[in-house]
Engineer: 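Can you keep this structure in mind? I'll have questions shortly.
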Amino acid sequence: MSEINNSPPKDAVDTNQIIEERRAKLTKLREAGNAFPNDFERKDLAQEMHDKYGELDKERLQEVQSSATVAGRIMLKRVMGKASFATIQDMSGQIQLYINNEGIGEEEHSAFKHWDLGDIVGATGVLFKTKTGELSIRVSALRLLTKSLRPLPEKFHGLTDQEQRFRQRYVDLIVTPEARKNFQTRSKAIQILRTFFTDRGYLEVETPMMQSIPGGATAKPFITHHNALDMQLYLRVAPELYLKRLVVGGFEKVFEINRNFRNEGISTRHNPEFTMLEFYEAYRDYRYLMDLTETMIRELAEACTGSSQITYQGQAIDFAKPFQRLTMAEAINTHNKIYTRENLQDPEFLRQELTKRKVLTYPTDGLGMLQLKLFEDTTEEKLIEPTFIVAHPTDVSPLARSNDEQPELTDRFELFIAGREIANGFSELNDPEDQANRFKNQAEAKAQGDDEAMFYDSDYIRALEYGMPPTAGEGIGIDRLIMLLTDSASIREVILFPQMRSE
RNA sequence: GGGCGGUUAGCUCAGCUGGUAGAGCAGUGGACUUUUAAUCCAUUUGUCGCGGGUUCGACCCCCGCACCGCCUACCA
């Protein structure tokens, strides 16, 4: 199981007639000279040509005689005797080449006719418009830059096999425009978030991914081993405790966008490694974070989709209007009228309801915990429009500050959009003695078999003992946010190389 | 982890209560000097996911396994 197959594949295992034929063509190219030239200088991008010349009419284009030097992969090819068309694709888009004997000579044109879809070419020529008005390049020089040995997926249907799309993302990116677009949106979104924080005076930092004590979230970690130190290490489940150490150190506004690793299930919403944004700001509280989060998500949606109203899987979501803020009891009541203000405050009633709904409860569960369980079972998935849920039980929030009036609750919120948790933030617990007790409770739970419970982190306590200013902190699951912005049903649509079983 | 579905040519897909496979695209040859998934003529390609079983005979029925997808559980 754990053995890595490091031997090269056996010959002729993965080949077919098409590949054989292309190999033969490559062999001829090698014989004729350098089959993999490196001296072609691309000067223009397809999209830039459309932007610059797409609006000009045929006659105007004829007058200006603008030339272009482009390169890209042949996606479509239409050969008609003495003239041919090819559609090539580069990082910006596609443009059509018009190739004929007058432009490059009969010999070169004949050679082109044997090139294949997927081959990478470079071309120079003059821009013109065809009789149907498509901007094209009348090619005067054409070179084959890289021979492609494997046939591309069918030109019209593309790649529909999900497995292959994810395993061979490089092919998916060649033939699936939506896939390219999703990852371009992802890149843009992360760039915007980065600017959002740096513009506000936050310092971007990187904290350990390999930790001797994994902390900051209740989750099962991956375990690894460092040979030279002969030491067990965990891949981090969250950066939280390190970021707060930095707040202790005087970096009063910090953020990190990086990977977390959780050794749990894989699904359309879970990948073992996922990207998390966490940010901390001293002298703020959780209410401030809610305001900040609203602004952030609103701006992000506008910048990425052009509108603060989006559609996710057929559901309309409006980021323009103020996000709702509800306690769990209020949210349950709003979406389930059988639960009232009165009976939601009755632990015995809640216990009975949960038993009826086949949700496991423990005798130690207090009112807050019972409300949380009922909330998760009845209400979470109904929170389509952005909704902040506030005041989580202290039991399930070991790093959050207790509420001054109701110490069994915390100054915490979770943001739900489209029925999913998108953000989690709170006023940080900066009382070292309270935190030490919370860790003790977690460690006891772990000893009793809860493998998601936290470890006791005595260095973190030591840091708090130096004094951490009152601070608010938040984490946002970036992949899920990108799913919303790209209307993706699966997290695999927004992670370039999602985790798969080995082939 | 549990349930359901899928796996047939490089790709997209057909395949009849069981008689060992087809189409389109791609490829190859030919026609065609403004095509748009170009078109027209001809033509090649398969461990039918893997391993067992039933049967005279299995892509098809049965059992097991692998991988994928969807739902579900844990979670972000």
Side-chain angles (χ1 to χ4, degrees), chain A residues 13-22 24-25 58 74-87 94 96-103 106 109 113-118 128-134 136 138 148-168 171 174-175 216-220 237-238 259-278 358-360 376-377 380 396 414-417 420-424 450-452 475-481 483 489-492 498 500-503:
Chain A
V13 151
D14 184 19
T15 191
N16 60 52
Q17 193 193 334
I18 292 176
I19 294 175
E20 294 296 337
E21 280 168 3
R22 290 191 178 198
K25 290 177 184 177
K58 281 184 84 155
I74 302 176
M75 301 304 290
L76 292 170
K77 190 166 158 252
R78 296 175 285 278
V79 175
M80 298 168 301
K82 295 194 179 68
S84 301
F85 289 90
T87 302
Q94 299 188 334
Q96 179 169 266
L97 305 181
Y98 176 69
I99 298 147
N100 63 6
N101 292 349
E102 283 156 27
E106 193 176 342
H109 188 200
K113 290 175 187 174
H114 295 280
W115 296 357
D116 294 295
L117 297 186
F128 76 107
K129 278 195 174 172
T130 64
K131 65 181 180 189
T132 54
E134 178 165 351
S136 308
R138 191 187 305 274
S148 167
L149 297 176
R150 289 179 180 269
L152 288 175
E154 206 247 6
K155 63 188 178 188
F156 186 61
H157 296 92
L159 196 56
T160 62
D161 178 359
Q162 298 278 53
E163 177 177 358
Q164 217 179 327
R165 288 191 50 226
F166 302 144
R167 283 195 196 280
Q168 292 180 257
V171 179
I174 294 169
V175 300
T218 48
K220 278 176 245 173
V237 295
R259 223 67 66 81
N260 288 349
F261 307 85
R262 298 194 183 172
N263 206 340
E264 289 160 2
I266 294 179
S267 77
T268 49
R269 287 179 286 278
H270 300 84
N271 195 63
E273 52 181 311
F274 62 100
T275 300
M276 188 80 158
L277 159 69
E278 285 206 11
K358 299 192 173 105
V359 178
L360 202 60
E376 286 176 346
D377 196 50
E380 203 173 288
V396 295
E414 287 183 315
L415 173 62
F416 290 87
I417 304 171
R420 293 162 192 184
E421 187 192 333
I422 296 295
N424 174 27
D450 181 355
D451 51 7
E452 289 185 1
I476 297 181
I478 294 299
D479 311 277
R480 289 190 180 173
L481 194 57
M483 286 171 69
S490 168
I491 200 167
R492 294 183 197 109
M500 306 283 275
R501 279 175 214 273
S502 47
E503 274 183 273

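This structure is a prediction, so every number in the text was calculated from the model and none was measured. Note on naming: letters A, B, ... go to the chains in the order of the sequence lines (proteins, then strands), and numbering restarts at 1 for each one.
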Engineer: For A:His109, which contact category applies under a 4.0 Å heavy-atom criterion: base, sugar-phosphate, or nothing?
Structural biologist: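 If one applies the 4.0 Å heavy-atom cut-off, A:His109 turns out to touch nothing in the nucleic acid.
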
Engineer: How would you list, by chain and number, every residue that makes a salt bridge (charged side-chain N to carboxylate O under 4.0 Å, His left out) with A:Asp161, sequence neighbours excluded?
Structural biologist: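 Partners of A:Asp161 under the salt bridge (charged side-chain N to carboxylate O under 4.0 Å, His left out) test: none.
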
Engineer: With sugar-phosphate meaning primed atoms plus P, OP1 and OP2, does A:Gly158 contact a base, only sugar-phosphate, or nothing at under 4.0 Å between heavy atoms?
Structural biologist: sugar-phosphate

Engineer: Please give the distance between the P atoms of B:rG24 and B:rU33 as a whole number of Å.
Structural biologist: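 It comes out at 26 Å once rounded to the nearest Å.
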
Engineer: C1' atom, B:rA42 versus B:rC32: distance in rounded Å?
Structural biologist: 16 Å

Engineer: List for me each residue that meets side-chain contact (heavy atoms from CB on, under 4.5 Å) alongside A:Leu277, sequence neighbours excluded, and say none if there are none.
Structural biologist: A:Leu193, A:Phe197, A:Phe255, A:Ile257, A:Phe279, A:Met296, A:Ile476, A:Ile478

Engineer: Under 4.0 angstrom, heavy atoms only, what part of the nucleic acid is A:Asn271 near: base, sugar-phosphate, or nothing?
Structural biologist: base

Engineer: Starting at CZ of A:Arg150 and ending at C1' of B:rU45, how long is that distance when rounded to a whole Å?
Structural biologist: 16 Å

Engineer: Output the pairing pattern of RNA chain B as a dot-bracket string, 5' first, Watson-Crick or G-U wobble with both distances under 3.5 Å, | for cross-strand pairs, [ ] for crossing pairs.
Structural biologist: (((((((..((((.....[..)))).(((((.......))))).....(((((..]....))))))))))))....

Engineer: Work out how far the P atom of B:rU8 is from that of B:rA14, and round it to whole angstrom.
Structural biologist: 11 Å

Engineer: Taking any heavy-atom pair under 4.0 Å as a contact, classify A:Leu76: base, sugar-phosphate, or nothing.
Structural biologist: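 A:Leu76: backbone/sugar contact only, no base atoms under 4.0 Å.
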
Engineer: Do A:Lys131 and A:Lys58 touch side chain to side chain, with heavy atoms closer than 4.5 Å?
Structural biologist: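 They are in contact (side-chain heavy atoms under 4.5 Å apart), so the answer is yes.
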
Engineer: I need the CZ-C1' distance between A:Arg269 and B:rU72, as an integer number of Å.
Structural biologist: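 Result: 10 Å.
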
Engineer: Under 4.0 Å: is that the gap between some side-chain N or O of A:Gln164 and OP1 or OP2 of B:rC68?
Structural biologist: no

Engineer: When the distance from CZ of A:Phe156 to P of B:rC13 is rounded to whole Å, what number comes out?
Structural biologist: 12 Å

Engineer: Using a cut-off of 4.0 Å on non-hydrogen atoms, how would the nucleic acid contact of A:Phe128 be classed: base, sugar-phosphate, or nothing?
Structural biologist: base

Engineer: Counting only side-chain N and O atoms of A:Lys131, is one of them less than 4.0 Å from OP1 or OP2 of B:rU35?
Structural biologist: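 A:Lys131 to B:rU35 OP1/OP2: side-chain N or O found under 4.0 Å.
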
Engineer: Who pairs with A:Pro498 by side-chain contact (heavy atoms from CB on, under 4.5 Å), at least two apart in sequence or on another chain?
Structural biologist: A:Phe166, A:Arg169, A:Asn271, A:Arg492, A:Ile495

Engineer: Donor-acceptor pair, distance only, cut-off 3.5 Å: does the side chain of A:Arg78 make one with the backbone of A:Phe85?
Structural biologist: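 No, the answer is negative, given that no donor and acceptor are paired below the 3.5 Å cut-off.
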
Engineer: May I ask you to verify if any side-chain N or O of A:Lys77 is less than 4.0 angstrom from the OP1 or OP2 atom of B:rU39?
Structural biologist: no

Engineer: Is the phosphate of B:rC71 approached by A:Thr268 (side-chain N or O, under 4.0 Å from OP1 or OP2)?
Structural biologist: yes

Engineer: With sequence neighbours left out, what residues match A:Glu414 under side-chain contact (heavy atoms from CB on, under 4.5 Å)?
Structural biologist: A:His392, A:Arg412, A:Phe416, A:Glu421, A:Asn424

Engineer: Considering just the side-chain nitrogens and oxygens of A:Lys155, establish if one lies under 4.0 Å of OP1 or OP2 belonging to B:rA26.
Structural biologist: yes

Engineer: Need one value for A:Gln17: base, sugar-phosphate or nothing, where a base atom within 4.0 Å counts as base even if backbone is also close, heavy atoms only.
Structural biologist: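 Answer is base: heavy atoms of A:Gln17 come under 4.0 Å of a base.
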
Engineer: Base, sugar-phosphate, or nothing: which does A:Arg167 touch, judged by heavy atoms less than 4.0 Å apart?
Structural biologist: sugar-phosphate

Engineer: Check the phosphate of B:rA38 against A:Arg78, side-chain N and O only, distance under 4.0 Å to OP1 or OP2. Yes or no?
Structural biologist: yes

Engineer: Checking A:Glu154 side chain against A:His157 main chain: does a donor-acceptor pair fall under 3.5 Å?
Structural biologist: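 Such a contact is found between A:Glu154 side chain and A:His157 backbone.
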
Engineer: Taking the C1' atom in each of B:rG15 and B:rC71, what is the distance between them to the nearest angstrom?
Structural biologist: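 Each nucleotide's C1' atom is 29 Å from the other's.
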
Engineer: Nearest whole angstrom, please: distance from the P of B:rA9 to the CD1 of A:Ile19.
Structural biologist: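 Roughly 14 Å, once rounded to whole Å.
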
Engineer: Under the side-chain contact (heavy atoms from CB on, under 4.5 Å) test, which residues partner A:Ser267, sequence neighbours left out?
Structural biologist: A:Arg269, A:His270

Engineer: Closer than 4.0 Å, any side-chain N/O of A:Arg501 to the OP1 or OP2 of B:rA66?
Structural biologist: no

Engineer: Of the candidate nucleotides B:rU28, B:rU35, B:rC11, which contains the atom at the shortest distance from the side chain of A:Glu134?
Structural biologist: B:rU35

Engineer: Between the base of B:rU35 and the side chain of A:Gln96, is there a donor and acceptor pair under 3.5 angstrom?
Structural biologist: yes

Engineer: When you measure from the side chain of A:Phe166, which nucleotide among B:rU33, B:rC74, B:rG69 comes out closest?
Structural biologist: B:rG69

Engineer: Whole Å only: how far is the CD1 atom of A:Ile266 from the P atom of B:rG69?
Structural biologist: 9 Å

Engineer: What integer number of Å spans the P atoms of B:rC11 and B:rA26?
Structural biologist: 15 Å

Engineer: Taking atom CD of A:Gln162 as the centre, report whether more than 12 heavy atoms of other residues, nucleotides or ligands fall under 6.0 Å from it.
Structural biologist: yes

Engineer: What contact category does A:Lys129 fall into here, base, sugar-phosphate, or nothing, at under 4.0 angstrom with non-hydrogen atoms?
Structural biologist: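 Answer is nothing: A:Lys129 stays at 4.0 Å or more from every strand.
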
Engineer: Would you mind telling me which residue lines up with the more 5' stretch of RNA chain B, A:Ala83 or A:Leu152, judged by nearest nucleotide?
Structural biologist: A:Leu152

Engineer: Using a 4.0 Å heavy-atom cut-off across all strands, classify A:Asp161 as base, sugar-phosphate, or nothing.
Structural biologist: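 A:Asp161: backbone/sugar contact only, no base atoms under 4.0 Å.
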
Engineer: Rounded to whole angstrom, note down the P distance from B:rU72 over to B:rC65.
Structural biologist: 25 Å

Engineer: Side-chain N or O of A:Thr160 versus OP1/OP2 of B:rC13: is the shortest distance under 4.0 Å?
Structural biologist: yes

Engineer: Determine the contact category for A:Gly81: base if any of its heavy atoms lies under 4.0 Å from a base atom, sugar-phosphate if only primed atoms, P, OP1 or OP2 are that close, otherwise nothing.
Structural biologist: base

Engineer: Counting side-chain heavy atoms from C-beta on, which of B:rC74, B:rU34, B:rC68 comes nearest to A:Met500?
Structural biologist: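 Nucleotide nearest to A:Met500's side chain: B:rC68.
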
Engineer: Taking the nucleotide of RNA chain B with the closest heavy atom to each, which residue, A:Gly265 or A:Glu163, is nearer the 5' end?
Structural biologist: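 Result of the comparison: A:Glu163.
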
Engineer: Round to a whole Å and report the spacing from CG of A:Leu159 to P of B:rG10.
Structural biologist: 14 Å

Engineer: Please report, rounded to the nearest Å, how far the P atom of B:rU35 is from the CZ atom of A:Phe85.
Structural biologist: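 Spelled out: CZ on A:Phe85 to P on B:rU35 is 7 Å.
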
Engineer: How far apart are the C-alpha atoms of A:Trp115 and A:Lys25, what are their side-chain angles, what is the distance that settles it, and do they pass the side chain to side chain contact (heavy atoms under 4.5 Å, CB included) test?
Structural biologist: CA-CA 9 Å; A:Trp115 296 357; A:Lys25 290 177 184 177; over 6 Å; no

Engineer: Short question: side chain of A:Lys77, backbone of A:Lys113 - any donor-acceptor pair under 3.5 Å?
Structural biologist: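 Present.
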
Engineer: Any side-chain N or O of A:Arg492 less than 4.0 Å from the OP1 or OP2 oxygen of B:rG69?
Structural biologist: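 For B:rG69, OP1 or OP2 has a side-chain N or O of A:Arg492 closer than 4.0 Å.
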
Engineer: Describe the nucleic acid contact of A:Val79 in one word from base, sugar-phosphate, nothing, applying a heavy-atom distance below 4.0 Å.
Structural biologist: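 Base, at least one base heavy atom under 4.0 Å.
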
Engineer: Write down the distance between CD (A:Glu154) and P (B:rU8), rounded to a whole number of angstrom.
Structural biologist: 15 Å

